[in-house]
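Bear in mind the structure is a predicted one, so any value in this text is a computation, not a measurement.
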Amino acid sequence: MKWKEYKPKKRFRRIITNTFSSNEDCEMFIMVLKQQWPKHINKLPASELEITRSVESKNIMSAIWTLVDIKHFEILEKIGNEIIYPYRNKLSPKSISIKTESVCVINSN
């Protein structure tokens, strides 16, 4: 087992989980994310977006952002408001969003 501790203010995560009314709405929204974010991700240097989908309920997905600067939360929100939220709001999923600071990672290697 390995333990890696992150220094304060060095790694941040934004996790947004959406529960759509149908699998198709979820799939369409993931397509929008895959099409739109590559056009804008360079505004968030050294960032990463991981898109996941529930194994058990195909109408649930998460967008997990890894950011290196706390100020990137503001940029992410602005871009999201312009290009993603209008589309997501049309689909009206239940949505949960949290902003976090990474403390450590533990893995089995």
Test item: [X] and [Y] side chains (from C-beta on) under 4.5 Å apart, heavy atoms:
X   : Y   : result
L76 : K43 : no
I16 : I96 : no
E77 : R14 : yes
L67 : F73 : yes
W65 : W37 : yes
S97 : I15 : no

Where do S47 and I41 land on the side-chain contact (heavy atoms from CB on, under 4.5 Å) test, with the steps shown first? CA-CA 7 Å; S47 68; I41 199 164; 3.5 Å; yes
Considering only Ile, Leu, Val, Met, Phe, Trp and Tyr, and joining two whenever side-chain heavy atoms are under 4.5 Å apart, list the other residues clustered with M31.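 Direct or chained contacts put M31 with none.
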With ILVMFWY side chains joined below 4.5 Å, transitively, what does V55's cluster contain besides itself?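 When side chains under 4.5 Å apart are linked, V55 ends up in no cluster with other residues.
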N/O donor-acceptor pairs under 3.5 Å from side chains in residues 98-107, not counting sequence neighbours:
unit_1, atom_1, unit_2, atom_2, d
T100, OG1, R13, O, 3.2
E101, OE2, K9, N, 2.6
S102, OG, R11, NH1, 3.4
N107, OD1, N109, N, 3.3

Testing the basics here: between P86 and N81, what is the closest heavy-atom pair and its distance to 0.1 Å?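 Answer, listing the atom of P86 first, then N81: CD-O, 3.3 Å.
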Qualifying salt bridge (charged side-chain N to carboxylate O under 4.0 Å, His left out) pairs with a residue from residues 86-98, counting only residues at least two apart or across chains: none
Answer yes or no: is there a donor N or O on one side and an acceptor on the other, between the side chain of S57 and the main chain of S54, under 3.5 Å? no
For K34, enumerate each residue passing the side chain to side chain contact (heavy atoms under 4.5 Å, CB included) test, keeping only those at least two apart in sequence or located in another chain.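 K34: side chain to side chain contact (heavy atoms under 4.5 Å, CB included) contacts with I30, I51.
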What do you reckon, is NZ of K58 surrounded by more than 12 foreign heavy atoms closer than 6.0 Å?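 Correct, the count exceeds 12.
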In residues 17-28, what donor-acceptor pairs under 3.5 Å come from side-chain atoms, sequence neighbours left out?
unit_1, atom_1, unit_2, atom_2, d
T17, OG1, S62, OG, 2.8
N18, OD1, S95, OG, 2.9
S21, OG, D25, OD2, 3.4
S22, OG, D25, N, 3.0
N23, OD1, N59, N, 3.2

Could you give me the CA-CA distance, side-chain angles and deciding distance for L91 and F29, then say whether side-chain contact (heavy atoms from CB on, under 4.5 Å) is met? CA-CA 8 Å; L91 297 172; F29 187 67; 4.0 Å; yes
Apply side-chain contact (heavy atoms from CB on, under 4.5 Å) to residues R53 and I60 and explain how you reach the verdict. CA-CA 6 Å; R53 192 168 185 181; I60 302 172; over 6 Å; no
Which value, rounded to the nearest 0.5 Å, describes the distance between E50 atom CD and I64 atom CD1? 4.5 Å
